[in-house]
S.K.: 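I'd like to ask you about the structure that follows.
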Number of protein chains: 2
Amino acid sequence: MKRSYNQYCGLAAALDVLGERWTLLLLRDLLLGPKRFKDLLDGLPGIGTGLLSHRLKELETAGVITKATLPPPAGSTVYQLTSDGESLRPVLLGLTRWGMTRLGEPSANHYIDAEALALAVAARFNPAAADDADGRYQLTIDGRPFRLDITDDHIDVRVGPTDRPRVSITADTGTLIALTNGTRTLADSLAEGTITLDGDPEAVMHLARAFDLAPPS
Amino acid sequence: MKRSYNQYCGLAAALDVLGERWTLLLLRDLLLGPKRFKDLLDGLPGIGTGLLSHRLKELETAGVITKATLPPPAGSTVYQLTSDGESLRPVLLGLTRWGMTRLGEPSANHYIDAEALALAVAARFNPAAADDADGRYQLTIDGRPFRLDITDDHIDVRVGPTDRPRVSITADTGTLIALTNGTRTLADSLAEGTITLDGDPEAVMHLARAFDLAPPS
DNA sequence: CCGAATCCGGCATGATACTG
DNA sequence: CAGTATCATGCCGGATTCGG
């Protein structure tokens with residue numbers, strides 16, 4: 001018998017499913033695309049195989065994720081969000097935004113991951129400033145490609161390359177951290193060459209604005 | 001030494017503060033206004049006094065809540081959200097909305113509370129349909145008054161009466177549950193007299209629309 | 001009565017070893 | 001690679017107690 005708050009309250013019902021340790025971080029990893037057991041294990045340092053297995057089963061039972069088998073030749077089993085799980089995206093980005101304000105400088109025992117930074121970029125997206133920002137973008141962090149899809153006032157991030165992106169952004173984790181917490185400006189990073197923006201200058205400007213960054217020159 | 005995910009990720013940082021058992025439900029109760037220790041204890045059936053005390057201290061240290069002493073003659077100490085805690089409101093409403101879809105009919109072991117229902121009403125608020133809905137409203141659930149303040153695309157709920165509300169809504173918990181999960185319509189409940197709406201008919205219509213309810217006749 | 005500390009049984013978690 | 005099994009530890013839930 002599963003532990004429950006037993007309250008007739010939406011938040012309590014949500015936490016009965018999502019409130020256990022590791023659960024929301026696990027879903028965060030799935031926001032960027034389907035993952036194998038091993039991928040999830042690597043993205044959640046400290047979780048044991050037993051607990052991960054347990055959480056995956058709970059979430060599958062709750063209808064938040066599904067297990068799928070990749071088509072040949074891969075054939076590996078992966079976990080992915082259902083549409084119900086997918087609908088948590090804005091909520092998780094909201095919580096991420098809240099938590100980002102209390103992340104200072106990274107410290108020695110901080111596990112740093114390109115995926116978390118891709119999500120941080122998405123969390124910084126400001127719908128109110130996103131005029132003319134619609135389109136597909138590529139974000140490459142430490143050589144790992146992500147797709148950014150902006151439509152209307154909504155943003156989507158996924159692992160994987162983009163074909164013919166409107167702008168292609170390339171940076172390393174250190175630069176993105178400095179950028180998202182305001183230690184360094186976009187202009188500085190461009191001048192240092194630690195970030196590059198390839199694409200129509202007009203599009204670059206709209207993009208910078210959509211993330212509340214001072215547009216370059 | 002406090003347990004931490006040790007990830008340089010906004011979500012992980014948020015969960016380091018908010019992710020322990022009871023924490024988000026505790027903040028939910030504070031969303032409706034300052035509370036005494038006893039009030040919180042009553043709103044969280046199953047939590048022990050020790051654990052509640054512990055959570056309050058953690059949240060105070062994290063700067064999410066503060067302890068305050070009410071002016072005489074009350075003089076009681078209450079806990080309340082800081083502005084940082086207050087900024088969790090949209091996130092908590094988002095999670096509440098997500099969880100509400102998995103609340104079916106209330107069962108015997110469900111703890112039912114007027115405050116949770118007031119929050120459920122707020123979570124149903126649809127900014128996109130809230131034209132001309134700005135104003136102060138009173139919502140009375142089982143005799144307990146709440147204030148609903150709508151401005152622009154934002155809604156605020158608090159415990160307490162409203163002076164000169166634009167509309168005054170009165171209902172019991174059962175009716176509100178049936179209404180929020182779609183078992184009964186607004187028109188039905190009005191006909192039965194289990195809900196009453198006092199105020200300018202025009203305002204009533206705008207209000208119903210803002211909560212995605214079919215407007216009465 | 002309110003706010004909080006303490007003790008204790010039971011369950012959740014985390015680490016490691018092991019199997020298909 | 002994808003999990004299951006096992007065990008030590010620590011967190012949680014309940015009761016009791018204690019000071020204001």
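Below, read A as the first sequence line, B as the second, and so on, with proteins coming before strands; counting in each chain starts at 1. All values below come from the heavy atoms of this structure, side chains included, with hydrogens, waters and symmetry mates left out.
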S.K.: Please report, rounded to the nearest Å, how far the C1' atom of D/dG13 is from the CG atom of B/L25.
M.R.: 15 Å

S.K.: Examine C/dG3: is either OP1 or OP2 under 4.0 Å from a nitrogen or oxygen in the side chain of B/K35? Give yes or no.
M.R.: no

S.K.: Can you tell me if the side-chain N/O atoms of B/Y79 get under 4.0 Å from OP1 or OP2 in C/dC2?
M.R.: no

S.K.: If the test is side chain to side chain contact (heavy atoms under 4.5 Å, CB included), which one of B/L88, B/L92, B/L26 qualifies with B/L18?
M.R.: B/L88

S.K.: Given atom CG of A/L41 and atom P of D/dC1, what is their separation to the nearest angstrom?
M.R.: 10 Å

S.K.: Just by protein heavy atoms under 4.0 Å, how would nucleotides 5-20 of chain C read 5' to 3' in B, S and -?
M.R.: B-------SSSBB---

S.K.: Backbone N or O of B/G10 within a donor-acceptor pair of the A/T96 side chain at under 3.5 Å?
M.R.: no

S.K.: Is it true that the side chains of B/D84 and B/T82 contain a donor and an acceptor less than 3.5 Å apart?
M.R.: no

S.K.: When you measure from the centre of the six-membered ring of B/F125, is the NZ or CZ of B/R97 under 6.0 Å away and within 45° of the axis?
M.R.: no

S.K.: Please report the interatomic distance CD1(A/I112) to CD1(A/I141), rounded to the nearest 0.5 Å.
M.R.: 12.0 Å

S.K.: A/L56 has an atom CG; how far is it from atom C1' of D/dC1, in whole Å?
M.R.: 14 Å

S.K.: Going from OG1 on B/T162 to CG on B/L148, what distance comes out if it is rounded to the nearest 0.5 angstrom?
M.R.: 7.5 Å

S.K.: Looking at A/K38, does any N or O in its side chain come under 4.0 Å of the phosphate oxygens OP1/OP2 on D/dC1?
M.R.: yes

S.K.: Atom CG of A/D39 and atom C1' of D/dG3: how far apart are they, to the nearest Å?
M.R.: 14 Å

S.K.: Tell me: CG of A/D42 to P of D/dG3, nearest whole Å?
M.R.: 14 Å

S.K.: In whole angstrom, what separates A/E58's CD from D/dG3's P?
M.R.: 15 Å

S.K.: Side-chain N or O of A/K67 versus OP1/OP2 of D/dG3: is the shortest distance under 4.0 Å?
M.R.: yes

